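The structure under discussion appears below in the form of structure tokens.
Worth saying up front: this structure is predicted, and the values here are computed from it rather than measured. Letters A, B, ... are given to chains in the order of the sequence lines, protein chains preceding strands, and every chain is numbered from 1.
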Amino acid sequence: MEKRAIRPFSGDTVTLVLMIALAAMWILPTIWVISLSLRPNMDLMRSTAGLLPIPFTLQNYIDIVSVSMTPRWLLNSAIVAIGTTVITLIVASLAGYAFARIAFPFKRTLFVFILCGLMIPEQTIIIPLHAMITDWGMHNTHAALIAPRVAMPVGVFLMTQFFRAIPLELEEAARLDNASRLTVFRRIMLPLSIPALTTLGIYTFLQAWNDFFWPLVSATNSNMYTVTVGLSSLQGNFAQTEGLGFIMASAVFASLPVVIVYVIFQKYIVRGIAMTTGK
Amino acid sequence: AEELTFLRFFGGCSDQYANVTDMDQAVGECGVIQVLTNKFNAENDQDITINTQNVEWGVYYDLLSTQIASGQQPAIAVMHRSVLPNFVARDLIEPLDDIFVEAGIDTSDFLPAALESVSYDGQIWGLPWDIHALLYHVNGAIMEEAGLTDAEGNYILPTSTEELFEHARIVQERTGKRYLSIGSRNDAMTARVFNLLMWQQGSGIFNEDLSGVQIDSEEGRVALEFMKRLYDEGVALPIHDGSEATQAFINGEAAVFVSGTWQVDTMAAHSASESSPLANYQVFDFPQVVGDTRATWSDSHMWVLPAKERSPEEMAATVAFLSFLNDNSGQWARTGHLPVRQSVLESEAFAALPYRTSYAETTGIAQAVPMVQNQRPIQDIIRDGLSAVWLGDTAVDAALSDVQSQVERNFRRVR
Amino acid sequence: MASVRLRAVAKNYGAVRAIHEVNLDVEHREFVVLVGPSGCGKSTLLRMIAGLETISGGEITLDDQVINDVPAGGRGVAMVFQNYALYPHMTAAQNMAFGLENIGMAREEINRRIAHAASTLKIEELLQRRPKAMSGGQRQRIAIGRAIVRDPKVFLFDEPLSNLDAALRVQMRIEIAKLHQRLDATMIYVTHDQVEAMTLADKIVVLSAGRIEQVGTPLELYHTPRNTFVAGFIGSPKMNIIDGKVAAITPEGVDVETPSGRLAIAAEPAGLAIGDSVRVGIRPEHMGVGKPGDGLAVVVEVVERLGDETMVYGTIGDGTSVVVKLDGTARVRTGETIPISVAATDGHLFTMDGEALRRTPAALEGLFDV
Amino acid sequence: MASVRLRAVAKNYGAVRAIHEVNLDVEHREFVVLVGPSGCGKSTLLRMIAGLETISGGEITLDDQVINDVPAGGRGVAMVFQNYALYPHMTAAQNMAFGLENIGMAREEINRRIAHAASTLKIEELLQRRPKAMSGGQRQRIAIGRAIVRDPKVFLFDEPLSNLDAALRVQMRIEIAKLHQRLDATMIYVTHDQVEAMTLADKIVVLSAGRIEQVGTPLELYHTPRNTFVAGFIGSPKMNIIDGKVAAITPEGVDVETPSGRLAIAAEPAGLAIGDSVRVGIRPEHMGVGKPGDGLAVVVEVVERLGDETMVYGTIGDGTSVVVKLDGTARVRTGETIPISVAATDGHLFTMDGEALRRTPAALEGLFDV
Amino acid sequence: MVRLRDGLSALAFLAPFLVFYLLFLVYPFGLGIWISFHDWELVGSFREWIGLWNYEDMFADPQFWRAVRNTLTFAAMTVPVMVGLALLLALGLNRQTRIHGALRAIFFTSNVLSVTVVTLIWIMVLSPDRGLIAQLFRSLGLEPIAFLASTTWAMPAIVATTVWWGIGFPMILFLAGLQQIPGELYEAARLDNASPWRRFTRITLPALRRTFVLVAILQVIGQLQIFGQVLIMTGGGPSQSTRSLVQTIYETGFADWQLGYASAMSLFLFVVMFVASMAQLYIARQED
Ligand SMILES: Nc1ncnc2c1ncn2[C@@H]1O[C@H](COP(=O)(O)OP(=O)(O)OP(=O)(O)O)[C@@H](O)[C@H]1O
Ligand SMILES: Nc1ncnc2c1ncn2[C@@H]1O[C@H](COP(=O)(O)OP(=O)(O)OP(=O)(O)O)[C@@H](O)[C@H]1O
Ligand SMILES: [Mg+2]
Ligand SMILES: [Mg+2]
């Protein structure tokens, strides 16, 4: 809308040029890394200068797909991230619905109890969590990587807020239409909360995909590594010398899924953030 | 069919050596152990498969610990003698005496030092694999250019602190190169060299009966002052981490590289290449630089069996692989490490390896950290605490007392 | 048959009593409109009948069956919400089908009913659209359609037209009136728009603060409001209320001395004595410009010309504001004082606490004959 | 002195032309109201005058100075926005002071002006409150106050009352009327509520799709709309438009044969011949029940009784809907056919493309004398 | 009756989440407190109750305090840069054109990369002999700085990495905040003769106050948890100058096996973060 033009600062070309310059700086490292990943390792041992992939090779990517563990790690990451996302969406929307729409004893208390969980940082519980999963003999399983993330109450909070914003009349209309709670949830609330579910889903997916500390200590078998942990295991001295292009290609390769998810869904991310911070 | 997980560091090169079983093609630590593994997988007649899990060595013990903690012990793992006490004290690895007997592994063929390094509390806990020690790697071309050669063309090595700095000055003046390349930042080399310097003065970081720490001592001060001077006078670069130091030496930026036996093979390979700035590579016993006791730092690698339930078949497979490794431990010596078996040491093959004569004395002067618990955190404390002197601007005395008190704190938690 | 009876029905929200023991009879096929100021409990009452709100006291019967504990879906009532409450992710047809599917009705029967409702409401071409793709009036019709297909005994409407613009409101109002004529159903309708109430209702219920003030036909409420609250609430612009004192009691009614002149009111003087304080009520549309010196002297402040009508806003002696509705060609100017005459039979009289005095037979003659 | 003149003013949004070369004169102290359907360009025109929107063509002058390129703040105009646009984190007093501080006015003068505006608007006790803590009407007053303190030559209002409820709207409307009488300022007011337009305006500008349809006093627009658009837009309920054919041309005007009977209209037959198709326009309030067989035969569909008025919704022969406004006691029932009579002088006549034919002097007599 | 039915259905809806929540968050949290009163080792079965000894040890441990100091320094350097830069970006990019959208996407995209990738990129960028910055330095005739090897530069380098990585999210938060400011406010301000600067300070900033608090809290909480960047980029070095609290927790627990002690430290972290966010909320409340 044209009206935006009068907001301070955003209008003039000087600002725009500045922003473009800043953005160029921002994206430069990424471009360079992509370019490194497209150059032969031998060549990189001599020099890493230049922003263009000359000489050009796809060998690093071919190596990733054919010989390295990276595809396996990608699969693990995908299982964990998608599993976390799906389960989170299910349990968070169920719980959010109960908090938003059902009157039951001690609701407020329980809600506050769950909100308190927002205050507990992941890092605080990793040690006991590790001890606990050890006692259960569950390390090096996808379940152990998924479950603790599902327990995070952010999703419940978000879904509760969202369901509360859906007009009560819709549910009342459904009650007059003889719908049971489950029918209301399934046929009215869930379809209506697709934007919120999308947002929560993307957020959960990105978080799970990029998780580092927990998989670092729980997934100790290289077959169970996620991409994040796997890449960091490659990153030793090796990175600096012989396999630079290969390492960079792994990084690019491992980032592709998240970047694609982001690019496809970016408008939901922004909308979701606006939604959750509005008012 | 048994599948065994084989947890080790030494680098990952399974892709590079995929399906290679010819030992002659193996280069470096990674190559040798990988090809050995391939060979065993290919040739054993009991349908045993060894699945290698390679871990970068900086995080190796974190990973081994968490694997053990989570009940995911590998079948066989590599271990340093320095960390052995921690694992033994908690019953985390299996004693091997009976197994060796059963498998027919002859402990009497082990060199005494090697046997000592796997023994603790009167039992044997590992299959000795090597003894590795610090050496003096030399870029002959630079030495020659600087004129540090005697009449026969042998390189002149320092025999005292003052000589060392004199040589450094000469190299700097005549070639514009640095004298030393040494891992100085975030690198265990710092602690190794410090230990080495303590031993050369006839001391050590612990007292005789291992009841106390003596880092903040006269010997400690001499050692640290010496190291500080290296950096102050530009003899070595303080910001180099291990790989940067290696790279610098390969690139011909320094005359001498302070590193271990494990680099011999690699450096030789680099030197062999026509255009390499690392020309006329030679390697020597670590010279006497402080004090008057001949000593160099050493540690050893061994193979251990993490404690866990093993079926008889699994045990048999594990032992079969152990035996195979023992039979082939001569191959490992090719990397530059000192062999652990008398028979290897005396073999023709070993004698034929290059350079071995020039650091023949190392076996005799090698010292290792005492068999006490928590060596790893303690050495880390030394590494970080001392490097503050050249990386930050901590004074020598402050660094020593800081490290001393931290090590004492850690020592308290030992049980 | 569908008659709804409320017996001492009450509703508490925690400590707040939203509805105070209300009694109300709604007969079969009757169109009952609940009106009252915001917050008076109209929606609450309606929602208790629908079963969306629990009943704190009393009894609601539908065809003589107590339905207090019958769940909302099982009462045979349908409701049309203020903001339609259409399921936004379903097409019009799906919206209508939803309730029928929930009770397991056969697909053909559902389709038959939807087709029938759609033709009744002339919304055939909307059936495959989502609410988003419809105008306000169209949504309104779908919402009604969703109620119709369920073939309910009682229709409940909660301010169904308040989200529409003025023109559409008129049109939809007429459609609802036609619908009521066509369908064999009882309707209970909540609004705060008194034009809607007047035009749609067989019977209007005026609520105030959770109590019923008066129940009656639109004309009863217009002509014989029981108190100043109802008098003020029904009619637009609202009735002018002027304080005065009884000056004389005559055979025709009561003469009242107001701060700006004397008025004769055709009301029964029951219990009044000369000198008592009373309130006179006169609707703006019953005022006219009289002879100078006659009736009320009104100082004109604002004149609004609406074409065929002229609204005059002014004040009388004690500062009370009055509104006068004159015809389009009335000659009035801001600032002047005009004499306002009122026929005695058009006036209302109230006690100081707002109770109406009965109007004389002469005043009421002919008013209810239409 | 503050007169605003628009000369061929146009506005393009990209390829879309929102305003087409509009010419308009607003005199000093005049109250001009812009009306028209949604999207017709009312706000755009107003915002161009305010300087919030660039001008794509033409010229705007204020007191004969071209102000096309004068920035918004420097034009001496103040604007009251639909949603008030009060600064939410400032108190009422700070809101009013902001603009004055920006031009570096002395603190005492600012305080004096605020105090004065506050007393004019009776908002003294609100001065220290934030907008959040105020009702809609109070916010509206603060927004006006913010305009007043700047002592502008021209006040611009963009639908300032549309967010208020009906009762408050009436009250604020009257306040704005009083304000206009008190202040020495020109006002330009946008609304889509035609009652507001009729009651406030000295001059109404009817816009449609970016063009001016007609400019005139409220009564001119009501009595002599230039075309069916204006005729339909001004007056409520809107004028009935009935298609017919010229049956006779008489000295008094034109006789038109409609599908439901013949009507005489006092309009100049300029250019008409017998048999021509024409449109007859009759306002609901100008219809009455006539003798059987007379005038239009209307089939009654819905009857709404509003107390003193009765609205009758019906159809005529060709199915055209008509609305008739009768008095409160009219006897009409659903389903019957009633004869509707119209005085010839009350009728309007339009060509098939909507242009009005001039009404005869007899028809206009006395209409503008008030 | 109704309440009971509602209670049961609520339970049914809540149960799946509650199982996860209790099992994987509440129980571990409690267990963490329990562990912190023990000498509890990662491996083996050694678990001895030692009361508050871990806490006493912690408060007397210079390593621990160094880590706390580093962590606080890091947060103190990162948060203001992050908040300030995010606000500037949001202001500069608050227009709905294609180009602005693309620029926003650029700043946000680095946010979705994982810490390993980000650090990989930056280790390379910062590398003194082969890095991007080194190339720049050389082309300007300067000697490249070994950022990660310098006690002076390592922390700022990690800050830069973190800002590069994390700027997108606060930027979007500010953009969301900006877009909630009604355009009419700016029009009114224009009619009120307000200069762009006054519009910014008197309209934009006050309207963004809530967003500000939100961003600041999220940033403080997030940055106090710094771990991956340090672990991978410097390992806490050079000579401990970047060792962070979470890294210390990790190393104490998983390298030194002292889970009890590590638990005590992580509870300390929890308290710090809790206090920090409460303090900020309190300040925000005060201003209301
Ligand atoms: N859920 C609730 N909890 C507490 N009080 C309530 C609740 N719902 C309504 N009330 C109160 O009950 C009273 C009646 O509310 P109700 O909604 O029936 O009013 P209404 O007549 O429909 O008003 P409106 O014309 O504004 O819709 C009000 O005072 C309201 O504040
Ligand atoms: N920024 C814009 N960009 C493109 N078109 C616009 C813009 N602003 C307004 N328009 C178009 O210009 C026309 C006039 O809009 P304007 O807002 O003036 O209408 P309006 O008469 O005020 O309507 P309303 O009664 O709904 O407020 C509309 O068709 C609208 O779609
Ligand atoms: Mg209501
Ligand atoms: Mg508008």
Side-chain angles (χ1 to χ4, degrees), chain A residues 1 3-4 6-10 15 19 23 26-27 29 32-33 48-49 91-92 94-95 97-98 102-105 114 117 119-121 123-125 127-129 131-132 147-148 150-151 153 156 181 206 209-210 212-213 217 228 231-232 235 251 254-255 258-259 262 266 270 273-274 277-278, chain E residues 6-7 9-10 13-14 16-17 20-21 24-25 28-29 31-32 35 91-96 103 105-107 109 112-117 120-121 124-125 130 132 135 172-173 176 180 183 186-187 190 196 199-200 204 214 225 227-228 232 246 249 253-254 259 262-263 266 269-270 273-274:
Chain A
M1 287 253 300
K3 286 181 187 175
R4 289 276 150 67
I6 61 152
R7 287 168 186 270
F9 301 129
S10 41
T15 317
M19 288 294 140
W26 225 257
I27 203 170
W32 185 55
V33 161
T48 52
V91 302
L94 283 170
Y97 176 72
I102 307 180
F104 58 89
I114 284 178
M119 299 296 307
I120 302 179
Q123 328 280 21
T124 307
I125 57 162
I127 302 258
L129 196 61
M132 180 179 105
V150 177
V156 176
R181 285 254 185 236
L206 292 179
W209 186 276
N210 288 337
F212 180 56
F213 196 164
V217 297
T228 2
L231 274 185
S232 82
Q235 225 162 332
S255 306
V258 274
V259 173
Y262 166 68
Q266 62 160 308
V270 176
I273 291 166
T277 57
Chain E
D6 277 354
S9 49
F13 276 97
L14 286 171
F17 176 72
F20 282 98
Y21 184 67
F24 292 97
L25 198 80
F29 187 71
L31 183 63
I35 289 177
L91 286 170
L93 296 177
N94 186 24
R95 290 189 76 199
Q96 305 302 327
L103 294 179
I106 287 177
F107 289 108
T109 305
V112 306
L113 303 178
S114 73
V115 64
T116 15
V117 173
L120 198 59
I121 293 175
M124 277 313 296
V125 170
R130 316 206 290 158
L132 205 52
Q135 289 176 29
I172 300 274
L173 288 180
Q180 277 158 23
Y186 291 104
E187 299 190 334
R190 225 157 40 119
R199 294 208 286 268
F200 174 64
T204 311
L214 177 74
Q225 297 187 56
F227 172 54
I232 299 174
V246 173
I249 292 171
F254 295 99
L259 284 194
S263 276
S266 53
L269 174 69
F270 168 68
M273 287 170 43
F274 189 84

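With respect to chain A, the highest number of heavy-atom pairs below 4.5 Å among Val115(E), Leu103(E), Ile35(E) belongs to Leu103(E). In terms of heavy-atom pairs under 4.5 Å with chain E, the best-connected choice from Leu129(A), Val33(A), Ile127(A) is Ile127(A). Most heavy-atom pairs under 4.5 Å with chain E: of the set Ala254(A), Pro153(A), Ala131(A), this distinction falls to Pro153(A). Of the residues considered (Val217(A), Ile27(A), Leu206(A), Val259(A)), Val217(A) shows the highest number of contacts with chain E, using heavy-atom pairs under 4.5 Å.
Summarising the geometry, atom CG belonging to Leu25(E) is positioned 10.0 Å from atom CD1 belonging to Ile114(A); distances are rounded to the nearest 0.5 Å. Atoms OG1 and CZ, on Thr116(E) and Phe212(A) in that order, are 6.0 Å from each other to the nearest 0.5 Å. Rounding to the nearest 0.5 Å gives a distance of 9.5 Å between CZ of Arg95(E) and OG1 of Thr15(A). The CZ atom of Phe29(E) sits 10.0 Å away from the CE atom of Met119(A) when rounded to the nearest 0.5 Å. Of the inter-residue distances, the one linking Trp26(A) atom CH2 with Ile106(E) atom CD1 reads 11.5 Å to the nearest 0.5 angstrom. Between the CD1 atom of Ile249(E) and the OG1 atom of Thr124(A) there is a distance of 7.0 Å, given to the nearest 0.5 Å.
Both the backbone and the side chain of Leu132(E) come within contact range of chain A, with heavy atoms under 4.5 Å apart. Heavy-atom distances place the side chain of Ile102(A), and not its backbone, under 4.5 Å from chain E. The contact between Gln135(E) and chain A is made entirely by side chain atoms (from C-beta outward), counting heavy-atom distances below 4.5 Å. The part of Val156(A) that comes within reach of chain E is its side chain, from C-beta onward, which places non-hydrogen atoms under 4.5 angstrom from that chain.
Taking the six-membered ring where tryptophan is involved, the planes of Phe213(A) and Phe254(E) are perpendicular, since the angle between them exceeds 60° and thus also 30°.
The side chain to side chain donor-acceptor pair (under 3.5 Å) test applied to Ser266(E) returns no partner, not counting sequence neighbours.
Annotation: side chain of Val91(A) is in contact with side chain of Phe20(E) (closest heavy-atom distance under 4.5 Å). Within the 4.5 Å cutoff, no side-chain heavy atoms of Ile120(A) are placed close to those of Phe274(E).
Closest heavy-atom contact between Leu31(E) and Pro128(A): CD2-O, 3.5 Å. When all heavy atoms are compared, the tightest approach of Ala10(E) to Phe104(A) is CB-CD2, 3.2 Å. Scanning both residues, Gly92(E) and Met19(A), for their nearest heavy atoms gives CA-CE, 3.8 Å. Scanning both residues, Phe24(E) and Pro148(A), for their nearest heavy atoms gives CB-CA, 3.9 Å. Of all heavy-atom pairs spanning Phe17(E) and Ala95(A), the tightest one is CB-CB, 3.9 Å. Heavy atoms only, all atoms of each residue included: Ala98(A) and Leu14(E) are closest at CB-CG, 3.7 Å.
For Asn210(A) (side chain) and Val112(E) (main-chain N/O), a donor-acceptor pair under 3.5 Å exists by modelled atom type. With hydrogens and angles disregarded, a donor-acceptor distance shorter than 3.5 Å links the side chain of Tyr21(E) to the backbone of Gly117(A).
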